[in-house]
Enquirer: 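Here it is, the structure in full.
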Amino acid sequence: MNNAIEPLRPATPAEIDQLVNIYEQLLPESVQFVSLLQNIVRIKAALQGTALEQASHRFRKTIYVPNKTNPIQFATFLAIGMDKTIFVALNTLEQPPSELEDAIRKTSYIKWHHNPRIVVGGDNGIRESLYKVVGERGILDSINLSSDSINYWMHREKGATFSYDVPDDVELKPLLVEHAKVIDDLWPYKSNESLRYFETVIQHNGSLGLFDKRDGQLVACVIKTDHDGIGHLYTLSERNNRGYGTTLAKAMAKLIAAEHKQHVHTFIERTNNRSIKLFEKLGFVPVNQAQWFKIGQNQ
């Protein structure tokens, strides 16, 4: 790679700290970026050698910043996963997002032929820039909106105060790696790499389940995603309407807020009225939108 023309470079630890500090000043709208950056820093510090090699590529992201003297000027960054399943999360405070658009256009770190998944949060012209760049590459017909979500948040002080009752017929416990397949089978966006993603979550990020006291069967689950948010809150259909979702949402929110010392957030599909009702009842507040774009065909 010719660094003279590459618009991005890996951020230093000091630059990542600067990014976190900047986005923390913009809470709650910026909670997804604060949590994402915190997740990447923690995972890189915790996983080394074989453990890192075996982790999901979604957890093996590198934070890139503009390759210039003052890279944090507009808090522009791209968090890019590894080649096999390119996952890109990005943002900038510059409006219009000229610096970020130029980086998307010219960087060699985004492998377009590997059909990247790109997540865009907020509403500051980045979507338009993404479509513009994809159009310039002649692949506009290949971009699809795979998920249109609302980002909900709760301050960590409130999340830390949650109390909850576990229904009498189940037991609350952390998930085991073997339970990853259950979540993977329930996920509508299942892919060749998604099982490893859920295995990594369970091993290194945080997960909880409710298990039937009679036979030990997993009947409901929730995880802490690679954005350090509450995600994949599922209850087996035959066990709905027993309060399992509320118990797990509160338990995970308290884990993130009280033990992990982070603000709490979750992405909810706009059409998922059941989950929206649940989280709003718990006191979560909508702060912005988050959209996942898929380039190319499923792999």
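None of the values given here were measured: they were computed from a predicted structure.
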Enquirer: Could you go step by step and tell me if T76 and V65 meet the side-chain contact (heavy atoms from CB on, under 4.5 Å) rule?
Expert: CA-CA 6 Å; T76 300; V65 293; over 6 Å; no

Enquirer: Between S146 (side chain only) and W292 (backbone N and O only), is there a donor and an acceptor less than 3.5 Å apart?
Expert: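 Yes, because the side chain of S146 sits within donor-acceptor range (under 3.5 Å) of the backbone of W292.
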
Enquirer: Under a 4.5 Å side-chain heavy-atom rule over Ile, Leu, Val, Met, Phe, Trp and Tyr, are L248 and V201 clustered together?
Expert: no

Enquirer: Quick check for you: to the nearest 0.5 Å, what is the distance between I43 atom CD1 and R58 atom CZ?
Expert: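 I43 atom CD1 to R58 atom CZ measures 12.5 Å (nearest 0.5 Å).
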
Enquirer: Report yes if the distance between the aromatic ring centroids of F284 and F279 is under 6.0 Å, otherwise no.
Expert: yes

Enquirer: Is there a donor-acceptor pair under 3.5 Å between the side chain of E280 and the backbone N or O of K277?
Expert: no

Enquirer: Any idea which heavy atoms bring G231 and T225 closest together, and the distance?
Expert: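 So the two residues come closest at CA-CG2, 3.7 Å.
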
Enquirer: Aromatic contact between Y131 and F293, with the criterion being ring centroids under 6.0 Å apart: yes or no?
Expert: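 Distance test on ring centres: under 6.0 Å, yes.
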
Enquirer: L36 and A79: which non-hydrogen atoms are nearest, and at how many Å?
Expert: CD2-CB, 4.2 Å

Enquirer: Distance from L282 atom CG to Y164 atom OH, nearest 0.5 Å?
Expert: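 It is 13.0 Å, given to the nearest 0.5 Å.
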
Enquirer: So with a 6.0 Å cut-off around CD of E157, is the heavy-atom count from everything else above 12?
Expert: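 Open.
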
Enquirer: I'd like to know whether NZ of K213 has more than 12 heavy-atom contacts from other residues, nucleotides or ligands below 6.0 angstrom.
Expert: yes

Enquirer: Rounded to the nearest 0.5 Å, how far does CZ of R105 lie from CZ of R137?
Expert: 10.5 Å

Enquirer: How many angstroms lie between atom CD1 of I40 and atom CG of D226, to the nearest 0.5 angstrom?
Expert: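 Going from CD1 on I40 over to CG on D226, the span is 8.5 Å.
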
Enquirer: Heavy atoms only: give me the nearest I16-A11 pair and the separation to one decimal.
Expert: CG1-CB, 3.8 Å

Enquirer: Show, in sequence, the C-alpha distance, side-chain angles and deciding distance for L90 and L130, and conclude whether the side-chain contact (heavy atoms from CB on, under 4.5 Å) test is met.
Expert: CA-CA 11 Å; L90 44 80; L130 175 62; 5.8 Å; no

Enquirer: Whether R117 engages the ring of F87 as a cation-pi pair (distance to the six-membered ring centre under 6.0 angstrom, angle to the ring normal within 45°) should be assessed.
Expert: no

Enquirer: Determine, stepwise, if the pair S147 / E269 fulfils side-chain hydrogen bond (donor to acceptor under 3.5 Å, both in side chains).
Expert: CA-CA 7 Å; S147 178; E269 289 270 6; 2.8 Å; yes

Enquirer: Looking at I230, is its backbone amide N or carbonyl O close enough to the side chain of T266 to form a donor-acceptor pair, meaning the two atoms are under 3.5 Å apart?
Expert: yes

Enquirer: Checking side-chain polar atoms at under 3.5 Å, does Q217 have a donor or acceptor matched by the opposite partner on D212?
Expert: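 Short answer, no.
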
Enquirer: With hydrophobic residues grouped by side-chain heavy-atom distances under 4.5 Å, do L233 and L175 end up in a single group?
Expert: no

Enquirer: Closest approach of N91 and G121, non-hydrogen atoms and distance?
Expert: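 So the two residues come closest at OD1-O, 4.0 Å.
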
Enquirer: When hydrophobic residues are tied together by side-chain contacts of less than 4.5 Å, even through go-betweens, does I126 share a cluster with I86?
Expert: yes

Enquirer: Considering only NZ, NE, NH1 and NH2 on the basic side and carboxylate oxygens on the acidic side, decide whether R156 and E259 come within less than 4.0 Å.
Expert: no

Enquirer: Name the orientation class of the two ring planes belonging to W187 and H232 (parallel below 30°, tilted from 30 to 60°, perpendicular beyond 60°).
Expert: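 Rings of W187 and H232: perpendicular, as their planes differ by over 60°.
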
Enquirer: Between Y64 and F77, is the ring centroid distance below 6.0 Å?
Expert: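 Y64 vs F77: aromatic centres not under 6.0 Å.
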
Enquirer: Salt bridge or not between E128 and K132? Use side-chain N to carboxylate O under 4.0 Å.
Expert: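 So E128 does not pair with K132 through a salt bridge.
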
Enquirer: For the backbone of L208 and the side chain of H179, can you confirm whether one donor and one acceptor N or O come within less than 3.5 Å of each other?
Expert: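 No; zero donor-acceptor contacts below 3.5 Å.
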
Enquirer: Do S56 and E199 have side-chain atoms, one donor and one acceptor, less than 3.5 Å apart?
Expert: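 The criterion, which ignores hydrogens and geometry beyond distance, is not satisfied for E199 and S56.
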
Enquirer: Find out whether H263 and L27 are in side-chain contact, i.e. whether some heavy atom of one side chain is under 4.5 Å from a heavy atom of the other.
Expert: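 In short, these two side chains touch, coming nearer than 4.5 Å.
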
Enquirer: Under a 3.5 Å distance rule, please check whether S275 uses its side chain to pair with a backbone N or O of N272 as donor and acceptor.
Expert: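 Answer holds: no.
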
Enquirer: Can you check ring pair (Phe, Tyr, Trp, His ring centres under 6.0 Å) on Y152 and F267, steps first, answer last?
Expert: CA-CA 6 Å; Y152 282 81; F267 300 114; over 10 Å; no

Enquirer: Does CG in D215 sit with more than 12 non-hydrogen atoms of other residues, nucleotides or ligands closer than 6.0 Å?
Expert: yes

Enquirer: What pair of heavy atoms forms the shortest contact from L218 to L236, and how long is it?
Expert: O-CD1, 3.4 Å

Enquirer: Among Q38, Q32, Q262, which one satisfies side chain to side chain donor-acceptor pair (under 3.5 Å) with D228?
Expert: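 Exactly one option meets the side chain to side chain donor-acceptor pair (under 3.5 Å) with D228, and it is Q262.
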
Enquirer: Between I22 and L8, is there shared hydrophobic-cluster membership here, with clusters defined by ILVMFWY side-chain heavy atoms closer than 4.5 Å?
Expert: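 Hydrophobic grouping puts I22 apart from L8.
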
Enquirer: Would W153 end up clustered with F162 when hydrophobic side chains under 4.5 Å apart are linked, directly or stepwise?
Expert: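 No, no single cluster joins them.
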
Enquirer: Answer yes if the side chains of D169 and Y244 hold a donor-acceptor pair under 3.5 Å, and no otherwise.
Expert: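 Yes.
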
Enquirer: If I take atom CG from residue L210 and atom OG1 from residue T235, how far apart are they, to the nearest 0.5 angstrom?
Expert: 7.5 Å

Enquirer: Run M154 and V285 through side-chain contact (heavy atoms from CB on, under 4.5 Å) and show every step you take.
Expert: CA-CA 7 Å; M154 175 178 287; V285 178; over 6 Å; no

Enquirer: Please determine if K181 forms a cation-pi arrangement with F198, meaning its NZ or CZ atom is less than 6.0 Å from the six-membered ring centre and no more than 45° off the ring axis.
Expert: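 So K181 doesn't make the cation-pi contact.
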
Enquirer: Is the shortest side-chain N to carboxylate O distance from K68 to E99 below 4.0 Å?
Expert: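 Counted as a salt bridge, because a side-chain N and a carboxylate O are separated by less than 4.0 Å.
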
Enquirer: For D141, look at atom CG and say whether over 12 heavy atoms of other residues, nucleotides or ligands are found less than 6.0 Å away.
Expert: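 Counting other residues, nucleotides and ligands, CG of D141 stays at 12 neighbours or fewer.
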
Enquirer: For a side-chain contact (heavy atoms from CB on, under 4.5 Å) check, start with the C-alpha distance between S35 and H265, then their side-chain angles and the critical distance, and finish with the verdict.
Expert: CA-CA 9 Å; S35 298; H265 74 111; 3.5 Å; yes

Enquirer: Is it the case that the side chains of S194 and D184 hold a donor-acceptor pair, with the cut-off being a distance below 3.5 Å and no angle test?
Expert: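 Judged by distance alone, the side chains do pair up.
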
Enquirer: Should the heavy atoms of other residues, nucleotides or ligands under 6.0 Å from NZ of K190 be counted, would the total exceed 12?
Expert: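 Counting other residues, nucleotides and ligands, NZ of K190 exceeds 12 neighbours.
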
Enquirer: Between S30 and Y23 (side chain of the first, backbone of the second, donor and acceptor by atom type, cut-off under 3.5 Å), is there such a pair?
Expert: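 Pair found, side chain donor or acceptor close to backbone of Y23.
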
Enquirer: What heavy-atom pair brings G229 and I256 nearest, and what distance separates the two atoms?
Expert: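 Smallest heavy-atom distance, with atoms named: C-CD1, 4.4 Å.
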
Enquirer: Within the side chain of R60, is there an N or O that forms a donor-acceptor pair under 3.5 Å with the backbone of G81?
Expert: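 A pair under 3.5 Å: no.
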
Enquirer: List the steps and the verdict of salt bridge (charged side-chain N to carboxylate O under 4.0 Å, His left out) for E15 and R9.
Expert: CA-CA 11 Å; E15 288 165 345; R9 61 169 174 79; 2.7 Å; yes

Enquirer: Could you tell me if T107 and E6 have a donor-acceptor pair between their side chains, going purely by distance under 3.5 Å?
Expert: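 Side-chain D/A pair, E6 to T107: present.
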
Enquirer: When rounded to the nearest 0.5 angstrom, what is the spacing between CD1 in I268 and OG in S149?
Expert: 8.5 Å

Enquirer: Are side-chain N/O atoms of H227 and N39 paired as donor and acceptor at under 3.5 Å?
Expert: no

